[in-house]
There are 2 protein chains.
Amino acid sequence: MSIHQKFPIDQWDFKSESILADLPDEDKAILLANQTEQEYDKGEIIFRENSYPSGIFYIVKGKVKKYKIDKNRKEHIIYVANTGELIGYHAIISGDRFPDSAAALEKSVIAFIPKEDFLQTLTVSAFLGTRLLKTLSHEFAVLANSLSIIAQKSVRERLALQLVVLREKYKDHFMEGNAVEINMSRDDLASLVGTARENVVRILSEFKDEGWLMTKGRKIIILDVDALIKVANM
Amino acid sequence: MSIHQKFPIDQWDFKSESILADLPDEDKAILLANQTEQEYDKGEIIFRENSYPSGIFYIVKGKVKKYKIDKNRKEHIIYVANTGELIGYHAIISGDRFPDSAAALEKSVIAFIPKEDFLQTLTVSAFLGTRLLKTLSHEFAVLANSLSIIAQKSVRERLALQLVVLREKYKDHFMEGNAVEINMSRDDLASLVGTARENVVRILSEFKDEGWLMTKGRKIIILDVDALIKVANM
DNA sequence: GTTTAAAGTTGAGAAATATTACTTTTCTGA
DNA sequence: TCAGAAAAGTAATATTTCTCAACTTTAAAC
């Protein structure tokens with residue numbers, strides 16, 4: 001049974017929304033008229049929390065973490081965005097500053113679309129407006145779900161859950177024999193789960209002892225998704 | 001110094017968004033053509049998680065908790081909605097089922113607006129579309145902030161923070177001498193903060209010993225907001 | 001007003017999580 | 001390819017948070 005059949009109500013952030021994919025060509029032409037592509041190295045920052053947005057970003061290829069930094073300079077990952085996703089548009093729409101920062105999780109190609117072109121397309125294209133509303137509502141449901149998860153699940157449960165979610169996001173990284181490699185630093189994993197790196201490492205080696213996953217350097221290969229789903233109490 | 005000056009970037013959920021307030025009259029006429037008002041008692045459920053929405057709700061007067069229930073039947077409050085706010089529209093827009101439940105926190109008057117009228121207004125009114133996008137983006141920022149709070153702050157910090165936020169929400173409940181009374185059950189407070197009732201009570205009495213608040217039955221009166229802000233590490 | 005159920009409070013021990021200090025492994029660039 | 005740096009992993013200890021049980025107060029119903 002696939003993950004998607006198991007969880008009919010999609011609040012687990014399994015499928016990422018691709019807004020641009022089915023945008024009509026004439027709208028796409030306006031939106032992408034002045035886009036500029038740029039390559040980002042692993043860890044490179046795309047935009048910073050509290051700065052004023054001058055445009056939005058489209059992930060042509062790669063993965064991006066959206067995160068916040070607290071008073072103690074500790075970082076917390078809110079969301080992992082994947083190839084095909086649009087980021088940074090919340091701030092443009094709400095007229096505020098960026099509520100979070102974004103940085104590349106791996107070498108990525110990202111297109112910058114100027115604010116003016118985005119807003120222009122929004123006034124012209126009924127499709128984009130409707131589509132954004134839908135996407136935002138959906139993202140909201142996902143986030144609300146994350147909130148109740150993190151508040152009520154133990155660190156062990158949260159880690160298991162994130163591994164299941166990350167496995168879906170890393171499905172493009174295949175090994176021989178259709179296993180998925182999750183390639184993420186323990187620090188990033190920790191700030192995604194909301195705990196310290198040491199706890200992540202300790203629980204990972206417990207899961208390894210159980211035979212639910214194996215590691216290959218920093219890479220994590222999930223061997224028994226169902227066991228993790230059970231631990232996560234999903 | 002007021003709370004709003006102190007936190008210029010509104011991600012703390014201090015001001016609640018009132019979508020209907022400045023909606024043009026002709027749009028409002030369509031939207032409210034078939035609305036029906038109803039009184040809800042404290043604790044009464046307005047809609048249930050996972051059910052199919054047949055319309056949206058407008059809080060004419062009162063307060064509403066939006067919450068989720070987990071596998072262990074424990075409830076977690078995601079958001080406290082106030083007079084003037086619109087709830088339940090996410091599900092209509094995204095075409096999904098309700099991602100959360102809603103119940104009255106106090107005796108409230110709530111108007112029901114049929115799904116068809118809402119969608120009809122949305123196609124007719126450019127204003128409503130734009131406004132909803134803005135509101136959703138804002139709500140998203142608030143929620144993302146809550147997520148990073150709950151993941152990284154201690155229970156003590158979270159409780160202090162929620163007290164500051166709730167004080168703003170309960171500003172209509174004045175006592176003599178412009179103090180604000182927060183009138184919320186310890187259970188609800190606990191599920192808002194994400195902990196057990198006992199912990200809430202314990203920390204509340206510590207805050208009381210410090211002289212930062214007083215209690216009057218279940219009611220909480222904040223005496224020193226700045227001290228709480230400091231504890232919350234906001 | 002009295003009764004009674006619900007809500008609130010407190011303390012102690014158990015469990016989970018965080019912190020500190022350190023070792024080992026992996027990666028990177030000269 | 002090898003040294004140094006960065007990341008990953010381990011263990012012991014400290015701290016926080018949870019759970020359970022007993023008890024008190026409050027509020028609603030009669």
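Note: hydrogens, waters and symmetry copies are ignored here, and every other heavy atom, side chains too, is used. All of these numbers come straight from a predicted model, not from anything done at the bench. Numbered from 1 within each chain, the chains take letters A, B, ... in sequence-line order.
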Colleague: Under the side-chain contact (heavy atoms from CB on, under 4.5 Å) rule, what do A:N82 and A:V80 come out as? Steps first, then yes or no, please.
Modeller: CA-CA 7 Å; A:N82 216 335; A:V80 175; over 6 Å; no
Colleague: Do B:T195 side-chain atoms and B:A190 backbone N/O form a donor-acceptor pair below 3.5 Å?
Modeller: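 Pair absent, no side-chain N/O of B:T195 close to backbone of B:A190.
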Colleague: Atom CE of B:M184 and atom P of C:dA7: how far apart are they, to the nearest Å?
Modeller: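 For the pair B:M184 CE and C:dA7 P, the rounded distance is 14 Å.
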Colleague: With a 4.0 Å cut-off on heavy atoms, is B:V155 in touch with a base, just the backbone sugar-phosphate, or nothing at all?
Modeller: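 Result for B:V155 = sugar-phosphate.
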Colleague: Would you please classify the geometry between the B:W212 ring and the B:F207 ring as parallel, tilted or perpendicular, with 30° and 60° separating the classes?
Modeller: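 B:F207 vs B:W212 ring planes: tilted.
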Colleague: Pick the nucleotide of DNA chain C nearest each of A:K42 and A:R156; which residue has the one closer to the 5' end?
Modeller: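 Checking each residue's closest nucleotide, the 5'-ward one belongs to A:R156.
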Colleague: Give a yes/no answer on whether the side chain of B:N199 brings an N or O atom under 4.0 Å of OP1 or OP2 in D:dC18.
Modeller: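 For D:dC18, OP1 or OP2 has a side-chain N or O of B:N199 closer than 4.0 Å.
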Colleague: Nearest-Å distance, CD1 (A:I150) to P (C:dA16)?
Modeller: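 Spelled out: CD1 on A:I150 to P on C:dA16 is 18 Å.
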Colleague: Is B:S205 near enough to C:dT10 that one of its side-chain N or O atoms lies under 4.0 angstrom from OP1 or OP2?
Modeller: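 For C:dT10, OP1 or OP2 has a side-chain N or O of B:S205 closer than 4.0 Å.
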Colleague: Atom CZ of A:R202 and atom C1' of C:dT19: how far apart are they, to the nearest Å?
Modeller: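 From A:R202 CZ to C:dT19 C1': 11 Å.
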Colleague: Specify the separation, in whole Å, of atom NZ of A:K216 and atom P of C:dC27.
Modeller: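 In whole Å, C:dC27 P and A:K216 NZ are 11 Å from each other.
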Colleague: Looking only at N and O atoms, is any donor in the side chain of B:R218 or the base of C:dG8 less than 3.5 Å from an acceptor on the other one?
Modeller: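 A donor-acceptor contact between them is absent.
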Colleague: In whole angstrom, give the distance that lies between atom CD1 of A:I203 and atom C1' of D:dT10.
Modeller: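 The distance from CD1 of A:I203 to C1' of D:dT10 comes to 14 Å, rounded to the nearest Å.
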Colleague: Could you tell me how far apart B:K153 (NZ) and D:dT17 (P) are, to the nearest whole angstrom?
Modeller: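 Taking NZ of B:K153 and P of D:dT17, I get 13 Å after rounding.
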Colleague: Please figure out whether A:K219 or A:R197 has its closest DNA chain C nucleotide nearer the 5' end.
Modeller: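 The residue whose closest nucleotide sits nearer the 5' end is A:R197.
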Colleague: With hydrogens left out and only the distance checked, is there a donor-acceptor pair under 3.5 Å joining A:R186's side chain and the base of D:dT10?
Modeller: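 In this structure, the two groups form no donor-acceptor pair.
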Colleague: Using whole Å, what does the distance between atom C1' of nucleotide C:dT9 and atom CZ of B:F207 come to?
Modeller: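 In whole Å, C:dT9 C1' lies 16 Å from B:F207 CZ.
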Colleague: Kindly say if B:T195 contacts the phosphate of D:dC18, meaning a side-chain N or O under 4.0 Å from OP1 or OP2.
Modeller: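 For B:T195, the contact criterion (side-chain N or O under 4.0 Å from OP1 or OP2 of D:dC18) is met.
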Colleague: Between C:dT17, C:dT10, D:dT19, which one does the side chain of A:S154 approach most closely?
Modeller: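 Nearest to the side-chain atoms of A:S154, counting from C-beta on, is C:dT17.
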Colleague: Quick one: side chains of residues 148-164 of chain B, donor-acceptor pairs under 3.5 Å with protein atoms, not counting sequence neighbours, listed by atom name and distance.
Modeller:
from	atom 1	to	atom 2	distance (Å)
B:S148	OG	B:N145	O	3.4
B:Q152	NE2	A:E75	O	3.2
B:K153	NZ	B:A232	O	3.0
B:K153	NZ	B:N233	O	3.1
B:S154	OG	B:E157	N	3.3
B:S154	OG	B:E157	OE1	3.4
B:R156	NH1	B:E206	OE1	2.4
B:E157	OE1	B:S154	N	2.8
B:R158	NE	B:V193	O	3.1
B:R158	NH1	B:K153	O	3.1
B:R158	NH2	B:V193	O	3.0
B:R158	NH2	B:G194	O	2.9

Colleague: Taking donor-acceptor contacts at under 3.5 Å, does the side chain of B:E198 reach the base of D:dC20?
Modeller: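 Checked by distance alone, the answer is yes.
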Colleague: Starting at CD of A:E206 and ending at P of C:dA16, how long is that distance when rounded to a whole Å?
Modeller: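 Atom CD in A:E206 sits about 10 Å away from atom P in C:dA16.
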Colleague: Within the distance-only criterion (no hydrogens, no angle test), does the side chain of A:D100 pair as donor or acceptor with the backbone N or O of A:K66 below 3.5 angstrom?
Modeller: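 No; judged by distance alone, with no hydrogens or angles, the pair does not exist.
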